[in-house]
**Student:** 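One structure follows; several queries about it will come next.
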There are 2 protein chains.
Amino acid sequence: MTTLSEVAHRAGVTPATVSNVLRNRGRVSKETRERVMEAITALGYRPNLNARALAEGRGPTLALMVSSIANPFYPEFALAVEQAAREHGSFMLLCNTNDDAATAYAYLNQLSGSLSEGVLVMNCNLDFGTLRQSRAPVVLCMWEKPEEPPGLPCVAVNFRLAGQLAAEHLLRLGHRQIGVIIGNGKGGVHTTRMQGFIDTVRAAGVDLPDSHCRNGLDTVQGGYDAARALLLDQPGLTAIFATNDLPAIGAMHAATDLNLNVPDDLSVIGITDIQMAQETRPALSTVAIPTQEAAEMAVDLLRKLIKHPALPDTPDEMRVTSEPLLKPRASTAPPKHKL
Amino acid sequence: MTTLSEVAHRAGVTPATVSNVLRNRGRVSKETRERVMEAITALGYRPNLNARALAEGRGPTLALMVSSIANPFYPEFALAVEQAAREHGSFMLLCNTNDDAATAYAYLNQLSGSLSEGVLVMNCNLDFGTLRQSRAPVVLCMWEKPEEPPGLPCVAVNFRLAGQLAAEHLLRLGHRQIGVIIGNGKGGVHTTRMQGFIDTVRAAGVDLPDSHCRNGLDTVQGGYDAARALLLDQPGLTAIFATNDLPAIGAMHAATDLNLNVPDDLSVIGITDIQMAQETRPALSTVAIPTQEAAEMAVDLLRKLIKHPALPDTPDEMRVTSEPLLKPRASTAPPKHKL
DNA sequence: CTGAAAGCGCTAACAC
DNA sequence: GTGTTAGCGCTTTCAG
């Protein structure tokens with residue numbers, strides 16, 4: 001490993017000067033700069049990022065904490081985060097918590113304050129109090145209630161509206177017998193979207209009894225199971241709304257397996273618009289969340305927090321993304337008149 | 001940030017001693033250890049990983065280089081890598097190259113030798129010569145030819161066999177009119193699997209003309225386009241093999257859109273067994289690659305290389321995973337007699 | 001415009 | 001067993 005001082009030596013200057021040309025700290029004559037640059041390339045010098053981080057008192061990375069990168073929503077987000085981080089010269093550390101609070105806590109503790117300058121949290125089983133005690137700034141990504149700050153810096157998406165858009169779409173198509181599948185259980189992180197949906201349906205004067213709602217895991221299989229049970233129980237349904245695309249896809253499969261044609265016999269709609277939503281047959285109607293924008297905002301906010309740590313008396317900042325957007329595709333259609 | 005010496009001071013010892021208890025370097029009396037531990041928890045001390053890395057002359061992370069984490073194969077691999085790395089106390093840096101050689105090169109240069117102790121390369125548009133010059137060990141993951149070492153440490157999977165297994169499955173079912181979709185173009189990384197498939201089919205005395213083969217992108221859409229063109233051109237086909245699951249899924253969609261029932265009118269099989277393969281309707285028959293095992297082997301090999309850098313005259317090590325495994329599912333069936 | 005010097009927080013000989 | 005002493009490679013005042 002060639003070091004700064006080796007470069008300095010070859011260029012006939014001191015390490016300080018080399019550092020100056022590297023950081024563009026001005027105050028370096030053109031000639032010296034050239035001599036240094038020559039030495040750098042000749043020696044194939046690369047700065048040691050650990051040493052730099054230590055001297056600068058900052059971490060060289062941003063951490064992204066997700067429950068599992070294998071959940072198809074996260075990769076798209078992670079890609080965007082990495083891109084944004086990279087534009088500002090940071091690397092991205094990926095942390096899978098597997099929905100385990102201890103793992104999440106361990107990560108937070110080990111990384112924040114040294115290896116990572118800041119951490120982006122998507123979903124970890126940590127309470128906000130713990131998060132707030134992080135030694136490095138934390139930004140909550142994908143907060144679901146723009147109108148109700150979590151007491152932590154965050155990027156919020158109007159998920160209530162997303163639910164509402166899904167509902168309006170189904171109502172507009174003429175559906176009146178509608179089922180709901182809530183990913184991740186009651187009181188969970190999908191409550192807002194569900195509420196947005198249900199409120200809209202009921203406000204339209206359409207009956208939506210609790211018996212039409214099912215909890216399920218936030219996975220394809222979870223949606224499958226929930227939808228199957230629901231359809232068996234409520235054969236009259238003409239449409240199902242799932243709080244996320246994965247369970248929505250599962251619901252389509254369940255319908256197929258029950259010999260129901262989507263969308264003729266059953267319309268299905270989700271929320272998020274993950275890549276996969278376009279890649280099912282029929283393609284899934286959904287309400288798109290501005291994933292990329294949220295990722296960029298999150299990195300941006302985090303970087304700001306790193307530069308200017310929030311004062312204790314400052315309200316925690318919240319950034320709200322642009323609005324969710326309905327993406328009608330082939331999985332929704334007007335209900336066929338049941339004979 | 002509380003530091004080592006603050007802890008030392010509170011415990012009435014020197015930094016060296018604290019370091020010793022932290023690293024379990026033995027030679028510390030029980031009492032001292034307890035006093036130190038007390039100070040550590042009382043002060044909420046967390047080691048600065050940058051400082052440690054600098055002092056130890058090693059990087060605190062392993063880097064995983066993929067073309068894009070949004071490609072559904074990578075998340076599963078990345079998850080396994082992170083798990084394995086974590087077990088050995090390393091964090092995982094995620095590097096998306098977007099198939100851009102310059103980005104890949106930049107990553108390699110910046111990370112290797114300081115931030116990252118080693119790098120796992122899945123697929124980057126860098127030639128092996130460049131990779132070989134990395135300042136930190138590089139392990140090629142998912143090398144396709146166990147019998148032909150790439151001149152770089154690697155984890156190999158017998159992809160030729162995978163192709164063979166897919167072929168045998170189709171032949172056994174009675175297919176004789178078979179199409180092939182090659183992901184990622186001619187001469188690309190899927191050549192081995194394709195060759196394994198084609199050789200097996202031909203060895204069985206079944207005709208498989210070049211006109212039954214199509215190149216395509218290694219995506220759902222790519223498979224869709226290629227399969228559509230192929231099916232329009234060769235309506236007599238009763239089965240399609242795609243060199244990867246994504247294009248295989250695309251092929252199923254193409255069939256559906258052409259009013260062909262899968263598997264009654266057309267059987268489809270892929271390779272890999274990504275999560276999504278079980279989540280399509282019909283579920284995709286495929287040949288499973290031991291992803292998790294490969295990830296563990298790769299991390300293991302990388303760690304070995306970090307500890308004992310390969311001598312210049314040492315042949316580059318290759319580890320071969322256990323064999324691919326046929327996963328017959330609902331997308332393949334005997335050909336229906338065409339009227 | 002450039003150099004000297006101190007220090008970031010930790011580890012690792014080597015003494016005691 | 002524990003302390004002393006040097007660094008690891010870089011940045012950053014502060015002098016010159």
Side-chain angles (χ1 to χ4, degrees), chain A residues 1-37 39-40 43-61 89 109-117 135-136, chain B residues 1-37 39-40 43-61 89 109-117 135-136:
Chain A
M1 271 225 64
T2 113
T3 74
L4 234 209
S5 32
E6 287 169 18
V7 173
H9 186 250
R10 185 190 224 267
V13 295
T14 60
T17 303
V18 178
S19 178
N20 275 338
V21 357
L22 249 35
R23 319 315 298 299
N24 274 320
R25 279 263 176 290
R27 318 182 293 255
V28 183
S29 79
K30 195 152 178 291
E31 292 172 350
T32 315
R33 148 169 277 105
E34 276 167 6
R35 219 147 16 91
V36 169
M37 291 309 276
I40 286 179
L43 265 33
Y45 168 75
R46 302 288 163 217
N48 181 316
L49 302 189
N50 290 124
R52 178 174 287 180
L54 177 57
E56 287 180 331
R58 49 186 234 90
T61 71
N109 253 310
Q110 298 179 243
L111 297 177
S112 84
S114 60
L115 235 198
S116 289
E117 266 192 304
R135 280 184 305 300
Chain B
M1 268 225 66
T2 112
T3 73
L4 234 208
S5 33
E6 287 169 18
V7 173
H9 185 251
R10 186 189 224 265
V13 295
T14 60
T17 303
V18 178
S19 179
N20 276 338
V21 357
L22 248 34
R23 320 313 299 302
N24 273 320
R25 279 261 176 293
R27 321 181 292 256
V28 181
S29 80
K30 196 152 177 291
E31 293 172 349
T32 315
R33 146 168 280 105
E34 275 166 7
R35 217 145 18 88
V36 169
M37 291 309 276
I40 286 180
L43 264 34
Y45 167 77
R46 301 290 163 217
N48 180 317
L49 302 188
N50 290 124
R52 179 175 285 180
L54 179 57
E56 287 181 329
R58 51 186 232 90
T61 72
N109 253 309
Q110 298 179 247
L111 297 178
S112 84
S114 59
L115 235 198
S116 288
E117 265 192 305
R135 280 184 307 297

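Protein chains get the first letters and strands the later ones, always in sequence-line order, with residue 1 at the start of each.
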**Student:** Just how far, in rounded Å, is P of D:dG9 from OH of A:Tyr45?
**Tutor:** 10 Å

**Student:** Residues in side chain to side chain donor-acceptor pair (under 3.5 Å) with B:Thr3, at least two apart?
**Tutor:** B:Ser5

**Student:** Would you please name every residue forming a side chain to side chain contact (heavy atoms under 4.5 Å, CB included) with B:Ala55, sequence neighbours left out?
**Tutor:** none

**Student:** Only one of B:Asn20, B:Val28, B:Val21 passes side-chain contact (heavy atoms from CB on, under 4.5 Å) with B:Val36; say which it is.
**Tutor:** B:Val21

**Student:** Might you work through the side chain to side chain contact (heavy atoms under 4.5 Å, CB included) test for A:Leu22 and A:Arg52, ending with a clear yes or no?
**Tutor:** CA-CA 12 Å; A:Leu22 249 35; A:Arg52 178 174 287 180; 4.3 Å; yes

**Student:** With a 4.0 Å limit, can you tell me whether B:Arg52 has a side-chain N or O closer than that to the phosphate oxygens OP1/OP2 of C:dG9?
**Tutor:** no

**Student:** What residues, two or more places apart in sequence or in another chain, satisfy side chain to side chain donor-acceptor pair (under 3.5 Å) together with A:Arg58?
**Tutor:** A:Glu56, A:Glu117

**Student:** Can you work out whether B:Arg35 or B:Ala55 has the more 5'-proximal nearest nucleotide on DNA chain D?
**Tutor:** B:Arg35

**Student:** Specify the separation, in whole Å, of atom CG of A:Asn20 and atom P of D:dT13.
**Tutor:** 11 Å

**Student:** Nearest 0.5 Å, what's the OG1-CG distance between A:Thr2 and A:Leu43?
**Tutor:** 4.5 Å

**Student:** Working to the nearest 0.5 angstrom, can you tell me the gap between B:Glu6 CD and B:Arg10 CZ?
**Tutor:** 11.0 Å

**Student:** Using the side-chain contact (heavy atoms from CB on, under 4.5 Å) definition, which of the options A:Val18, A:Ile40, A:Asn48 pairs with A:Leu4?
**Tutor:** A:Val18

**Student:** Calculate the interatomic distance between B:Leu49 atom CG and D:dC8 atom C1'; express it in whole Å.
**Tutor:** 16 Å

**Student:** Round to the nearest Å and state the distance from A:Gln110 atom CD to C:dG9 atom P.
**Tutor:** 19 Å

**Student:** Round to a whole Å and report the spacing from CG of B:Leu22 to C1' of C:dC10.
**Tutor:** 10 Å

**Student:** If only side-chain N and O atoms of A:Thr3 are considered, is one of them under 4.0 Å from the OP1 or OP2 phosphate oxygen of D:dC8?
**Tutor:** no

**Student:** Using the side chain to side chain contact (heavy atoms under 4.5 Å, CB included) criterion, which residues pair with A:Leu49? Sequence neighbours excluded.
**Tutor:** A:Phe91, B:Ser114, B:Leu115

**Student:** Atom CZ of A:Arg23 and atom P of D:dG9: how far apart are they, to the nearest Å?
**Tutor:** 17 Å

**Student:** In dot-bracket, 5' to 3', how would DNA chain D read with Watson-Crick or G-U wobble pairs under 3.5 Å, [ ] for crossing ones and | for pairs to another strand?
**Tutor:** ||||.|||||||||||

**Student:** Where along residues 7-16 of chain A does a heavy atom fall under 4.0 Å from DNA chain D?
**Tutor:** A:Ala16

**Student:** Compare side-chain N and O positions of B:Ser19 against OP1 and OP2 of C:dC10 and report whether any pair is under 4.0 Å apart.
**Tutor:** no

**Student:** Begin from the C-alpha positions of A:Asn109 and A:Arg135 and carry the test side chain to side chain contact (heavy atoms under 4.5 Å, CB included) through to its verdict.
**Tutor:** CA-CA 8 Å; A:Asn109 253 310; A:Arg135 280 184 305 300; 3.7 Å; yes

**Student:** When you check the phosphate oxygens OP1 and OP2 of D:dG3, does a side-chain N or O of B:Thr17 lie under 4.0 Å from one of them?
**Tutor:** yes

**Student:** Taking the minimum atom-to-atom distance to the side chain of B:Leu4, which one of C:dC10, D:dT11, C:dA12 wins?
**Tutor:** C:dC10

**Student:** Answer yes or no: does a side-chain N or O of A:Thr32 lie under 4.0 Å from OP1 or OP2 of C:dT2?
**Tutor:** yes

**Student:** Rounding to a whole Å, what distance do you find between B:Arg58:CZ and D:dC8:C1'?
**Tutor:** 14 Å

**Student:** Using whole Å, report how far CG of B:Leu43 lies from C1' of C:dG9.
**Tutor:** 15 Å

